[in-house]
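See below for the structure under consideration.
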Amino acid sequence: MFAARDAWKAGLWAPRHWAGNIVAGVIVGVVALPLAMAFAIASGVKPEQGLYTAIVAGVVVSLFGGSRVQIAGPTGAFIVILSGIVAEHGVVGLQLATLMAGLMLCAFGLARLGGVIRYIPLPVILGFTAGIGIIIWVGQWQAFFGLPPVPGHFFHEKLWFLLMNLPRLDPVTTAVGLGSLTLVLLPRWVPTLRWVPGPLLALIVATVLQGLLQFPQLATIGSTFGDLPRGLPLPHWPGGGLDRILPLIGPAFAIALLGAIESLLSAVVADSMAGTRHDSNAELFGQGLANVIAPLFGGIAATGAIARTATNIRSGGTAPLAGVVHALVLVLVLLAFAPLARNIPLATLASILFVVAWNMSETHRVVRLIRHAPRADAVILCLTLLLTVFADLVVAVNIGIVLSILHFLHRMASSVDVAPMALPGAALPGGPESRMRALQVRGPLFFAAVESLRAAFRSQDADVLILSLDRVPFADATALQALDDEIAAVRARGGRVILCGADARIRGKLNRMGILSRLGAGDFQPDLAAALDAAGRPHSNAASS
């Protein structure tokens, strides 16, 4: 259910809810202003494109997403992917990739994949978000310290260049950066300022200071990008045909995957804070629609922003109206205050991104998981983090998920037990049934448990082998084929295998695999008692019905 309709059914569009949501929207718009520009610049595009993205995505996701209180826009998580796309394919390539990613997200939502994407393991999520935080932090050194342009493509190359050039930092730029960083953090330390957004405080003070003193060596939005245009551009096709679209399929999928993860994480956080329940499939569709429309207005990729969504909830936002108002605030800024933006120092935006990178990295959670989680999870987290920083985000997520799945399969396989069963008194060793043995399978009979099944069969030297399946919740084709092979091997040496205890679903799979038709008459029984009774009857090789 779309957020606008959900809010309508809940009565949240009523006039009595307007005041609180308008106030929340204004506050979020003020918070989003410096972040949108900072994220755009760090992604390799102009600052106004971040504002365009926040405006379009803010309206579309608020109305057509799956959460009543979600605030969408450009986020720090996208910086690594988007800056790489701009470097290789240009701004037009980024906008085409964003549009394609939006179509993919819409398809994810229509295919009801919202629940599946939430199954990405926590070590993988913490690993790649911490890795992104490190990349953002190091990537802002050049603007924060006033260093020369950074060459190189790989992270280690850029880091080495920055370290070697740190002695060449510009004192004025560094002083503005440090002062801005202090102002960003000041509301956390001074209780009387706790309602003032730190990024906005730093932005205003640094911009006024530069406007008055005009430091020539201090890079600003105006000196780097020119004046911000007033208002939104008319919708237009970014440009490019099929020859440009095909190479962008991979980058577009990376945007879609990260956008899906980030938006659903933000929606989950919003649910825990506001006591709501989001629709994950509608959320994916809304995010996809926003990413289709935003590039048409010159925007870039957008997703649910956890910090802005949390600010919305803490400020009293309860309905999509807050997200729409937040977008209108940004439109008013473009219309009325665009000329003032030329004096915003890039060092100030870098200081804001320093704090964003620290918050993204969630260092306390990473350290706690490494210290206290199972060793395999800690290794997966560290490997995902290192691959994100030194290789590629998509590669890191893929490898992290694959390793998590393999570790899970290993644990599942070790939990499957194929063990001998103690037979009732009538079948004690020394009696007529002394050549009878029984095995019980406890756990899922799937491909990773095949070796356990084979080893158990080959460890039994018996004329009659009873296999109890009453504790098997499910079975797959690989394990059933192995079972068929072992049954055939026992029968080939003159033995007999009796299966018992399988529920209706397992029996259906045995039947479809042809195992029941290849058993002897009476060699499939409902329980152990019936199997023991059947074992005492003469054995026939005729197929059971």
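What you see is a predicted model; the values in this text were computed from it and never measured.
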Does the side chain of Val184 come within less than 4.5 Å of Leu201's, by heavy atoms? no

Which value, rounded to the nearest 0.5 Å, describes the distance between Leu369 atom CG and Leu381 atom CG? 5.5 Å

Is there side-chain contact between Leu163 and Trp141, with heavy atoms separated by less than 4.5 Å? yes

Among residues at least two apart in sequence or on other chains, which ones pass side chain to side chain donor-acceptor pair (under 3.5 Å) with Ser180? Thr348

N/O donor-acceptor pair under 3.5 Å between Asp170 side chain and Thr173 backbone: yes

Consider only side-chain N and O atoms of Asn291 and Thr98, and report whether a donor and an acceptor are under 3.5 Å apart. no

Closest heavy-atom pair, Pro74 versus Gly50, reported as atoms and distance to 0.1 Å, is CG-O, 3.7 Å

So, do Leu328 and Val59 sit near enough that their side-chain heavy atoms are less than 4.5 Å apart? no

If you round to the nearest 0.5 Å, how far is CD1 of Ile221 from CG of Leu340? 11.5 Å

Show me the pairs that pass side-chain hydrogen bond (donor to acceptor under 3.5 Å, both in side chains) and involve residues 380-394, at least two apart or across chains. none

side-chain contact (heavy atoms from CB on, under 4.5 Å) between Arg230 and Leu334: does it pass, once the steps are laid out? CA-CA 5 Å; Arg230 294 188 173 186; Leu334 275 177; 5.8 Å; no

Just to verify, what does Ser414 make a side chain to side chain donor-acceptor pair (under 3.5 Å) with, not counting sequence neighbours? none

Checking the side chain of Arg168 only, and the main-chain atoms of Asn165 only, is there a donor and an acceptor separated by less than 3.5 Å? no

Among residues two or more places apart or on two chains, list those pairs meeting side-chain hydrogen bond (donor to acceptor under 3.5 Å, both in side chains) that have a residue in residues 314-336. Asn21-Thr318

Sequence neighbours left out, what passes side chain to side chain donor-acceptor pair (under 3.5 Å) with Thr363? Give chain and number order. Ser361

Heavy-atom closest contact (Pro148 atom, Gln142 atom, distance): O-CG, 3.2 Å

Below 4.5 Å, heavy atoms only, C-beta onward: do Val395 and Ile399 meet side chain to side chain? yes

Test side-chain contact (heavy atoms from CB on, under 4.5 Å) applied to Trp195 - qualifying residues, sequence neighbours left out: none

More than 12 non-hydrogen atoms from neighbouring residues, nucleotides or ligands closer than 6.0 Å to CH2 on Trp137, yes or no? no

Shortest non-hydrogen contact from Asn312 toward Ala24: OD1-CB, 3.5 Å

What's the shortest heavy-atom distance between Ala373 and Asp377, and which atoms? CB-CB, 4.3 Å

Residues Ile401, Val397; criterion side-chain contact (heavy atoms from CB on, under 4.5 Å); working and verdict: CA-CA 6 Å; Ile401 292 174; Val397 172; 3.7 Å; yes

Sub-4.5 Å side-chain heavy-atom contact between Ser404 and Tyr119: no

Smallest heavy-atom separation, Thr276 atom then Ala270 atom, equals OG1-O, 3.9 Å

Flag the pair Leu393 / Leu258 as yes when at least one side-chain heavy-atom distance between them is below 4.5 Å, and no otherwise. yes

His156: which residues meet the side-chain contact (heavy atoms from CB on, under 4.5 Å) condition with it, sequence neighbours left out? Phe154, Phe390

Those residues that, when tested against Phe285, pass ring pair (Phe, Tyr, Trp, His ring centres under 6.0 Å) (two or more places apart): Phe2

Checking Phe39 against Val356 for the side-chain contact (heavy atoms from CB on, under 4.5 Å) test, could you report, in this order, the C-alpha distance in whole Å, the side-chain angles of both residues, the deciding distance, and whether it holds? CA-CA 10 Å; Phe39 292 144; Val356 170; 3.8 Å; yes

Judged by modelled atom types alone, do Ser263 and Gln287 share a side-chain donor-acceptor pair under 3.5 Å? no

Name every donor-acceptor pair, under 3.5 Å, that has one atom in a side chain of residues 77-86 and the other anywhere in the protein, sequence neighbours excluded.
unit_1 : atom_1 : unit_2 : atom_2 : d
Ser83  : OG     : Ile79  : O      : 2.7
Ser83  : OG     : Val80  : O      : 3.2

The criterion is side-chain contact (heavy atoms from CB on, under 4.5 Å); which residues satisfy it with Leu169, sequence neighbours excluded? Phe145, Leu147, Thr174

So, using side chain to side chain donor-acceptor pair (under 3.5 Å) as the criterion, who are the partners of Asn281 when residues are at least two apart? none

I would like to know whether Val91 and Gln49 meet side-chain contact (heavy atoms from CB on, under 4.5 Å); could you show each step before the answer? CA-CA 10 Å; Val91 176; Gln49 292 181 269; 3.8 Å; yes

Let me confirm one number: the CG-CD1 distance from Leu122 to Ile120, rounded to the nearest 0.5 Å. 11.5 Å

Answer yes or no: are there more than 12 heavy-atom neighbours, outside His236 itself, under 6.0 Å from its atom NE2? yes

Would you give me the side-chain donor-acceptor pairs under 3.5 Å for residues 237-248, sequence neighbours excluded?
unit_1 : atom_1 : unit_2 : atom_2 : d
Trp237 : NE1    : Gly240 : O      : 3.3
Arg244 : NH2    : His89  : O      : 2.7

Could you grab the distance from atom CG of Leu330 to atom CD1 of Ile55, nearest 0.5 Å is fine? 5.0 Å

Asn343 side, atom CG; Leu209 side, atom CG - distance, nearest 0.5 Å: 10.0 Å

Does Glu157, at its CD atom, have more than 12 non-hydrogen atoms belonging to other residues, nucleotides or ligands within less than 6.0 Å? yes

Within a strict 4.5 Å, meaning less than it, do heavy atoms of the Phe144 and Leu178 side chains meet? yes

Any heavy-atom pair between the side chains of Thr309 and Val28 that's under 4.5 Å? no

NZ/NE/NH1/NH2 to OD/OE distance under 4.0 Å, Asp227 and Arg342: yes

How many angstroms lie between CG in Leu159 and CD1 in Ile135, if you round to the nearest 0.5 Å? 11.0 Å

If every non-hydrogen atom of Pro34 is compared with every non-hydrogen atom of Ile352, which pair is closest and at what distance? CB-CD1, 3.7 Å

For a quick check under 3.5 Å, do Thr220 and Ser223 share a side-chain donor-acceptor pair by atom type? yes

Between Ser67 (side chain only) and Ala267 (backbone N and O only), is there a donor and an acceptor less than 3.5 Å apart? no

Is it true that the side chains of Ser266 and Gln70 contain a donor and an acceptor less than 3.5 Å apart? yes

